[in-house]
Each structure stands twice: as structure tokens, then as C-alpha cells.
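Below: one structure, written as C-alpha cells.
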Amino acid sequence: MKPVVLTDTNLVGSALKWNCHYLQETLGNNLCTVYLSKTHKFKYFDVNQTKKCDNDFSPPTEKVLMKFQEFAKHLKSWEEGDRRLYMQQLLNEKILNSSQLVNDILTFNWSWIRRQQKQNNWGPLTANLLMISTQGNVTPAHFDNQQNVFAQIYGYKRFILFPPEDYDKLYPHPVWHPHDRQSQVDFENPDYTKFPKFREIKGHEAVLGPGDVLYLPLYWWHHVESLCQTQYTTSLTFWYKAGPTHGSSVTTMYPLEGYQKMAIMRNVEKMLVETLKDVNEVGPLLRAILEGRYT
Ligand SMILES: O=C(O)C(=O)[C@H]1CC[C@@H](C(=O)O)C1
Ligand SMILES: [Zn+2]
């Protein structure tokens with residue numbers, strides 16, 4: 001599975017008119033999920049895992065509910081130095097009370113994407129996340145465990161992509177950490193002492209414009225930037241559950257692929273956390289297995 005940019009799917013053709021004015025009319029006073037950040041980075045964190053960090057974890061962003069009208073006002077008046085905003089709202093019954101918007105969604109090229117889902121043996125569609133970002137926002141490098149068809153609607157987004165097997169160069173946080181699935185490396189100021197293999201990293205760049213679609217296979221790392229050609233950018237994800245890889249019909253092929261090894265490493269870590277109960281015991285036990293025996 002490799003990422004690919006497609007420019008002729010017309011997947012979200014009916015959404016290319018979703019500019020701020022149109023969304024104010026159709027989303028109106030619905031409350032939407034908006035992240036606020038003091039920097040240009042919006043590093044995702046799982047709030048349910050913060051307790052394992054014996055409160056030395058400081059959340060890099062704040063999640064608020066904001067009326068779309070208010071969000072749109074901030075978006076249009078935003079200037080460098082203002083607090084940055086990132087609306088990331090699921091297209092669900094909470095906000096889909098405008099027949100116009102529902103009709104636009106019904107007019108997406110569902111036959112095309114359903115064909116991809118079937119031919120690639122993906123699981124069910126789990127979420128469409130509408131994302132509207134002030135210019136210059138960065139989502140730092142991370143991976144997701146779902147198949148993603150990422151549709152760009154307005155403005156330009158720069159992706160830097162890395163295969164799952166670059167796991168050892170991108171040093172993800174431990175699975176129990178709030179920043180699970182996110183790279184520890186600050187791409188703008190890498191700590192090569194802590195993360196020496198990051199020196200070897202080589203990424204694949206893709207810049208998406210309105211109407212472009214990126215297929216982002218599960219476990220592929222991505223660093224995402226909203227470019228500054230426009231005041232804001234608008235995108236929509238189509239996340240699909242990864243297909244059944246170990247069903248009776250599908251036999252495991254060797255050598256295993258990068259994403260399969262990533263799943264195995266994550267399962268080992270999770271099993272150790274589960275069994276040892278104390279996350280501080282996972283490192284020493286793994287070192288005891290490795291040192292003098294596998295290194
Ligand atoms: O679609 C994904 O998998 C993501 O990571 C999105 C979450 C933030 C988005 C962005 O464009 O900055 C990318
Ligand atoms: Zn992602």
C-alpha cells in the first residue's frame with residue numbers, strides 16, 4: 001500500500017463551494033469543535049491517557065466548542081500573532097441540519113469511493129472530519145490506524161509522508177502516552193542526540209490543492225501544513241476501518257510488511273503495559289530482553 005494523489009476523482013466536487021460565507025449560511029450557529037494553540041503546531045493528544053503521565057503532561061492545545069459564526073469571524077480577521085484556530089468537526093447529525101449541506105454531501109462521488117473501499121478490502125467508513133485551519137498551522141508527524149482518503153477543498157496543504165517502516169527514525173511516543181502515534185521529533189529543531197536516526201529520514205512531499213485527493217494508507221506517517229496562499233484552508237477526511245487482514249481467507253504473506261511489524265510492536269508494548277501495570281517497568285524489561293542478547 002502506497003500513498004497516491006488523485007486529481008480527477010471529483011470526490012467532493014459539490015463541496016468546492018464551501019467557502020466561509022456558504023458555511024456560515026449552512027452551519028450557522030451550530031457548535032463546532034475548535035482547537036486553539038499558542039504556537040503554529042496542533043499536536044494531537046488523547047486526553048484519556050494523560051493520567052498515566054503523573055501530571056507532567058502539559059496539553060499543547062485547548063479544545064473548545066464554538067459557534068461556527070464566531071469561528072468564521074476569527075478566521076476572517078486572523079493575523080500573525082493571534083492565537084491560532086483549527087476547526088476539526090465530524091460531519092454528523094449535530095451539524096447536519098441544513099438540507100443544502102446534506103445535499104452537497106449526498107452529491108459526493110460516493111460510487112467512486114465505495115469502489116475503492118470494495119476493491120481494497122477496507123472496512124466501513126467511520127468518519128468524515130471537516131477541517132478548517134488558519135494559514136500556517138502544522139499538524140506534526142504522526143500515523144493513524146485507519147485508511148484515509150483526504151480531500152482538499154480550499155487552499156493548499158503540504159504533506160510530508162514517510163512509510164510505516166520509518167518507525168525507528170521517527171521515534172513515536174510510547175503507546176500509553178497521550179501523544180501515542182505522534183513522533184517525538186520536533187521537525188523544526190530536531191534533537192539528534194536523543195533521536196540520531198532522524199538524520200537518515202527522507203520524506204515524500206505532496207502539495208494538495210482544491211479538488212485533489214490523497215489516499216493515505218494506514219500507518220503511513222504524515223506531517224501536514226496549511227500553506228499561506230490563502231487566509232485559511234478547508235479539507236475533509238474519509239476514514240475507513242482497516243480491512244480484515246487475518247480473516248480465514250487471507251493468508252499472511254512473508255516477509256511481513258512495515259505496517260504489520262508496526263502493529264506487532266504496538267501490541268507487544270500494549271501487552272507489557274497491561275501485564276506490568278507500571279509503565280516505568282516496560283523499558284527496563286525490554287532492555288533486559290535486548291541487551292547482550294539481541295544487540
Ligand atoms: O487526515 C489526517 O489523518 C490528519 O492527520 C489530519 C488531522 C489534521 C489535518 C491537517 O490537515 O492538518 C490532517
Ligand atoms: Zn492523520
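Counting starts at 1 for both ligands and their atoms, in listed order.
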Note: Asp104-Lys17 ion pair, threshold 4.0 Å (strictly below): yes

Tyr86 and its ring-ring contact (aromatic ring centres under 6.0 Å, His included) partner, picked from Phe42, Phe71, Tyr35: Phe42

Proximal ligand 1 atoms for Thr237, defined as those under 4.0 Å from one of its heavy atoms: 1 (O)

Ligand 1 N/O within reach of Thr139 N/O, cut-off under 3.5 Å: yes

Flag for Thr233-Ser226: side-chain donor and acceptor within less than 3.5 Å: yes

Any N/O pair Tyr86/ligand 1 closer than 3.5 Å: yes

Atoms of ligand 1, numbered as shown, that sit under 4.0 Å from any heavy atom of Gln88: 8 (C)

Which of the ligand 1 atoms, numbered from 1, are nearer than 4.0 Å to a heavy atom of Phe150: 1 (O), 11 (O), 13 (C)

Test item: side-chain donor near acceptor, Lys157 and Ser235, under 3.5 Å: yes

Lys157, portion touching ligand 1 at heavy-atom distance under 4.0 Å: side chain

Number of protein N, O or S atoms [distance to the Zn ion (ligand 2) under 2.8 Å]: 3

Polar side-chain atom of Thr9 near backbone of Leu6 as donor-acceptor pair, under 3.5 Å: no

Pair Thr139, Asn137: side-chain N/O donor-acceptor within cut-off below 3.5 Å: no

Residues, nucleotides or ligands: over 12 heavy atoms within 6.0 Å of Lys194 NZ: no

Any donor-acceptor N or O pair under 3.5 Å, side chains Tyr215, Gln147: yes

Electrostatic pair Asp46-Arg181, nearest N-O below 4.0 angstrom: no

Closest approach of any protein heavy atom to atom 3 (O) of ligand 1, naming residue and atom: Asp144 OD2, 2.8 Å

His222 heavy atom under 4.0 Å from ligand 1: yes

Location of contacts on Phe238 toward ligand 1, heavy atoms closer than 4.0 Å: neither

Atom 6 (C) of ligand 1 - nearest protein heavy atom and its distance: Met131 SD, 3.7 Å

Residue of the set Phe162, Tyr171, Tyr167, Phe187 for which ring-ring contact (aromatic ring centres under 6.0 Å, His included) holds with Phe198: Phe187

Option from Lys270, Lys43, Arg266 for which salt bridge (charged side-chain N to carboxylate O under 4.0 Å, His left out) with Asp180 holds: Arg266

Sub-4.0 Å heavy-atom approach of Phe42 to ligand 1: no

His222 and Asn148: side chain donor to acceptor below 3.5 Å: no

Protein residue, atom and distance nearest to atom 1 (O) of ligand 1, heavy-atom basis: Asn148 ND2, 2.9 Å

Nitrogen or oxygen atoms of His142 and ligand 1 under 3.5 Å apart: yes

